[in-house]
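Chain naming here is simple, since letters A, B, ... match the order of the sequence lines and numbering starts at 1 in each. Because the structure is a prediction, the values reported are computed rather than measured.
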Number of protein chains: 2
Amino acid sequence: MASTHEKVGYAPEGKPPEHTPFTAASGVESVVRMLEGRWKLVILFHLFGGKLLRFSDLERAIPAISQKMLIQQLRQMESDGIVTRLVHHQVPPKVEYGLTAWGQSLCPALDALLQWAEARPADPDAP
Amino acid sequence: MASTHEKVGYAPEGKPPEHTPFTAASGVESVVRMLEGRWKLVILFHLFGGKLLRFSDLERAIPAISQKMLIQQLRQMESDGIVTRLVHHQVPPKVEYGLTAWGQSLCPALDALLQWAEARPADPDAP
DNA sequence: CCGCATCCAACGAGATACTG
DNA sequence: CAGTATCTCGTTGGATGCGG
């Protein structure tokens, strides 16, 4: 996809000019990729406490999720470098999940999103 | 938000995490609902320029999207009060899409997300 | 207790063609 | 130009059962 010059000049004064729509869109797609799925954000939110949580802890915290989805999303986020997986070779087995530093750095951004969601006006307003 | 410190039927017993994950989870799910889909964020990003864009403008800006998806996501966001739809009864027809004030207020949060994505370290570190 | 594999249902999403 | 309708397909997600 070659770069056509868009009119979508998202170029506020404070932002670098390299924030072109296509780069931005790529970034957007990266974000979408990493946060896609019905459960990623929910899992993340339970991890934002900063403590390591066991698999069963997460299962208990999110009753609506299936094991498959839980492990799947967890693994994907681990691959993305968002969550950590700590295996204790014990009997019975014990695996704890937590956030990487980068994953923790997501917290304020998500919080902004949450606040945005809560700020929804009941009045369908105009731009 | 009033003091909704009650449990919602989750975790019948004992030891919920310290920071109210349930209230938060609800908010998270709202966000997920409103921003889900492969194209919402991309469309939003093209709308953040602040100018009204025609349907065909968006089609041109996002070549990979189909008309069906474009109109669908647009309508959903309109229902959610994120985007505006301005119909000019002319020949040929002309419909312009833009952001509501609330939709525009999403910009910084998304920007934070973008910056987070760009800040991904090559080194998968531990917390 | 943790995780994987398989089967299966339900949407999401794309292509195409048609209408106002 | 803007939007709708229909069909199909791939993916996501859920249920269950087994293995370390």
Side-chain angles (χ1 to χ4, degrees), chain A residues 1 7 25 28-47 51-80 83-98, chain B residues 10-11 13-15 25 28-29 31-47 51-80 83-98:
Chain A
M1 185 187 294
K7 49 184 86 173
V28 169
E29 290 183 19
S30 298
V31 172
V32 172
R33 282 268 163 92
M34 283 188 288
L35 268 32
E36 80 187 345
R38 244 181 107 193
W39 301 109
K40 291 251 180 80
L41 292 187
V42 178
I43 295 172
L44 276 180
F45 221 91
H46 284 273
L47 252 23
K51 295 178 305 190
L52 297 181
L53 294 179
R54 284 194 289 267
F55 188 84
S56 46
D57 286 333
L58 287 169
E59 273 191 297
R60 222 166 300 130
I62 317 170
I65 199 175
S66 63
Q67 285 190 343
K68 176 187 173 182
M69 280 299 105
L70 182 52
I71 190 63
Q72 180 179 300
Q73 313 262 294
L74 239 19
R75 291 302 176 105
Q76 287 180 15
M77 288 176 143
E78 187 194 0
S79 294
D80 288 332
V83 311
T84 59
R85 182 169 174 269
L86 181 59
V87 183
H88 303 266
H89 289 285
Q90 306 171 352
V91 179
K94 178 179 174 183
V95 180
E96 292 181 306
Y97 293 90
Chain B
Y10 282 51
E13 152 190 6
K15 199 186 79 89
V28 169
E29 289 183 19
V31 171
V32 171
R33 281 265 164 93
M34 283 186 289
L35 268 33
E36 80 189 345
R38 241 184 110 194
W39 300 109
K40 291 249 180 80
L41 292 188
V42 178
I43 295 173
L44 276 181
F45 219 92
H46 285 273
L47 251 26
K51 294 178 303 191
L52 298 179
L53 294 179
R54 285 193 289 269
F55 188 84
S56 46
D57 286 333
L58 287 169
E59 273 190 298
R60 224 166 298 129
I62 316 171
I65 198 176
S66 65
Q67 284 191 341
K68 175 189 173 183
M69 280 300 106
L70 182 52
I71 191 63
Q72 181 180 300
Q73 311 265 294
L74 239 16
R75 292 301 176 106
Q76 286 181 15
M77 289 177 141
E78 187 195 1
S79 294
D80 288 332
V83 310
T84 59
R85 182 169 174 270
L86 181 59
V87 182
H88 302 266
H89 289 284
Q90 305 172 353
V91 179
K94 179 179 174 183
V95 180
E96 291 180 306
Y97 292 90

How long is the straight-line distance from [atom2] of [Y] back to [atom1] of [X], given to the nearest 0.5 Å?
| X | Y | atom1 | atom2 | answer |
| --- | --- | --- | --- | --- |
| B:Leu41 | A:Ser30 | CG | OG | 11.5 Å |
| A:Arg54 | A:Lys94 | CZ | NZ | 5.5 Å |
| A:Leu47 | A:Met77 | CG | CE | 8.0 Å |

Evaluate whether atom CZ of A:Arg85 has more than 12 neighbouring non-hydrogen atoms of other residues, nucleotides or ligands under 6.0 angstrom away.
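Atom CZ in A:Arg85 is crowded, with more than 12 foreign heavy atoms closer than 6.0 Å.
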Tell me, please, the opening and closing nucleotides of DNA chain D, 5' to 3', among those with an atom under 4.0 angstrom from a non-hydrogen atom of chain A.
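It runs D:dG13 to D:dG20.
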If you define the side chain from C-beta out and look only at heavy atoms, does anything of [X] sit under 4.5 Å from [Y]?
| X | Y | value |
| --- | --- | --- |
| A:Val42 | A:Ile65 | no |
| B:Lys40 | B:Gln76 | yes |
| B:Gln72 | B:Arg75 | no |
| B:Asp57 | B:Tyr97 | no |

Indicate the atoms forming the closest heavy-atom contact of [X] with [Y], along with that distance.
| X | Y | result |
| --- | --- | --- |
| B:Pro63 | B:Ala61 | CD-O, 3.3 Å |
| A:His46 | A:Leu53 | O-CD1, 3.3 Å |
| B:Gln73 | B:Trp39 | OE1-N, 3.5 Å |

DNA chain C: B:Ile65 or A:Arg54, which has the more 5' nearest nucleotide?
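Looking at the nearest nucleotide for each, A:Arg54 comes out on the 5' side.
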Starting from the C-alpha separation in whole Å, work towards a yes-or-no answer on side-chain contact (heavy atoms from CB on, under 4.5 Å) for A:Leu74 and A:Leu58.
CA-CA 10 Å; A:Leu74 239 19; A:Leu58 287 169; 3.9 Å; yes
Using heavy atoms and a sub-4.0 Å distance, could you list which residues of residues 85-96 of chain A are near DNA chain D? By number, please.
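DNA chain D contact set from residues 85-96 of chain A: A:Pro93.
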DNA chain D-proximal residues of residues 67-75 of chain A, any heavy atom under 4.0 Å
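Only A:Lys68, A:Met69, A:Gln73 qualify.
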Reading DNA chain C 5' to 3', which nucleotide is the first, and which the last, to come under 4.0 Å of any heavy atom in chain A?
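Nucleotide range with atoms under 4.0 Å of chain A: C:dC1 to C:dC7.
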Between the two end axes of the helix from C:dC1-D:dG20 to C:dG20-D:dC1, each built from 5 base pairs, what angle do you get to the nearest 10°?
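Answer for the end axes of this duplex: 40°.
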Given DNA chain D, 5'-ward residue of the pair B:Tyr97 and A:Arg38, judged by closest heavy atom
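That would be B:Tyr97.
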Residues which pass side-chain hydrogen bond (donor to acceptor under 3.5 Å, both in side chains) with A:Glu36, listed by chain and number, not counting sequence neighbours
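Partners of A:Glu36 by the side-chain hydrogen bond (donor to acceptor under 3.5 Å, both in side chains) criterion come out as none, since no residue qualifies.
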